[in-house]
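Shown next, in structure tokens, is the structure this report addresses.
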Amino acid sequence: MAKAATVKEPTAKKGIPMEVTLQALKLKSFTCTIVGDTPLIVNRFTHKAIMQLNQKHQGMETDVTQRIRVPEQEAKDALYLTADGKPGVPGGGLKKAIISACTSTNKKMSKTFLRQAFQIVGDIIPLKAPPYTIRMEDIGRVGMGKTPRPIYRPMFTPWEVTLKIVYNESIISPSQIVNMLNLAGFAVGFCEWRPEKSGTFGMFHVKEGSN
């Protein structure tokens, strides 16, 4: 097992070596489950959307206002899917929510510190929820004249996700991470139309006794 190491670095004034002790990296892991307090709306950036963006940058026609739309297919295309084709959520998005929530700690934790202190394991993490419904009440605007059109997104409720978190025990504890998750669930939220974006969806809390 790695031990704390002492290195010598020059001081700022006279260039005289100064001993600096570096804490050993102590990696541990735990699991916890987050439970949705409000419905979860997901919106994966699809391959089709990427192609349309490329066409726009190449000066090609990208107006979609006159095209035949299939709400069921649009909602399905917006899903995040695991390797076995089941609905999931992006682990990176959850970590971003925690990092954003650090602004509510009055600088007790910085974004840089949280980026380095722990990792959420997995790219797309399985989502435990009943089959989704299609939400289509919200209106987007596209095209030269900003033509209004419905937006179709998959919505899950109720929902929960079990996370595996690897952390550096030398600098952070599971209870601190759980507290940050709860703060993120209330103040930031997750995925589309969350509190951070003036919405009310994607709010969550850590299930009691899950860590």
Mind running ring-ring contact (aromatic ring centres under 6.0 Å, His included) on Phe30 and Tyr167 for me, showing each step along the way?
CA-CA 8 Å; Phe30 71 99; Tyr167 64 99; 5.7 Å; yes
Determine whether a donor-acceptor pair (N or O, by modelled atom type, separation under 3.5 Å) exists between the side chain of Gln176 and the backbone of Ser173.
yes
Taking side chain as C-beta onward, heavy atoms only, is [X] less than 4.5 Å from [Y]?
X      : Y      : answer
Lys164 : Ser29  : yes
Leu40  : Phe201 : no
Pro87  : Phe156 : yes
Phe204 : Leu181 : yes
Val121 : Val166 : yes
Ile120 : Ile125 : yes
His205 : Val35  : yes

If we ignore angles and hydrogens, is there a donor and acceptor under 3.5 Å between the side chains of Thr112 and Ser110?
no
Ignoring hydrogens and geometry beyond distance, is a side-chain donor-acceptor pair present between Thr33 and Thr162 at under 3.5 Å?
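Judged by distance alone, the side chains do pair up.
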Residues joined to Phe186 in its hydrophobic cluster, side chain to side chain under 4.5 Å directly or through other members, sorted by chain and number, are Met203
State which residues pass side chain to side chain donor-acceptor pair (under 3.5 Å) with Thr103; sequence neighbours excluded, sorted by chain then number.
none
Which residue pairs pass the side-chain hydrogen bond (donor to acceptor under 3.5 Å, both in side chains) test with at least one member in residues 119-134, sequence neighbours excluded?
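Residue pairs with at least one partner in residues 119-134: Lys95-Gln119.
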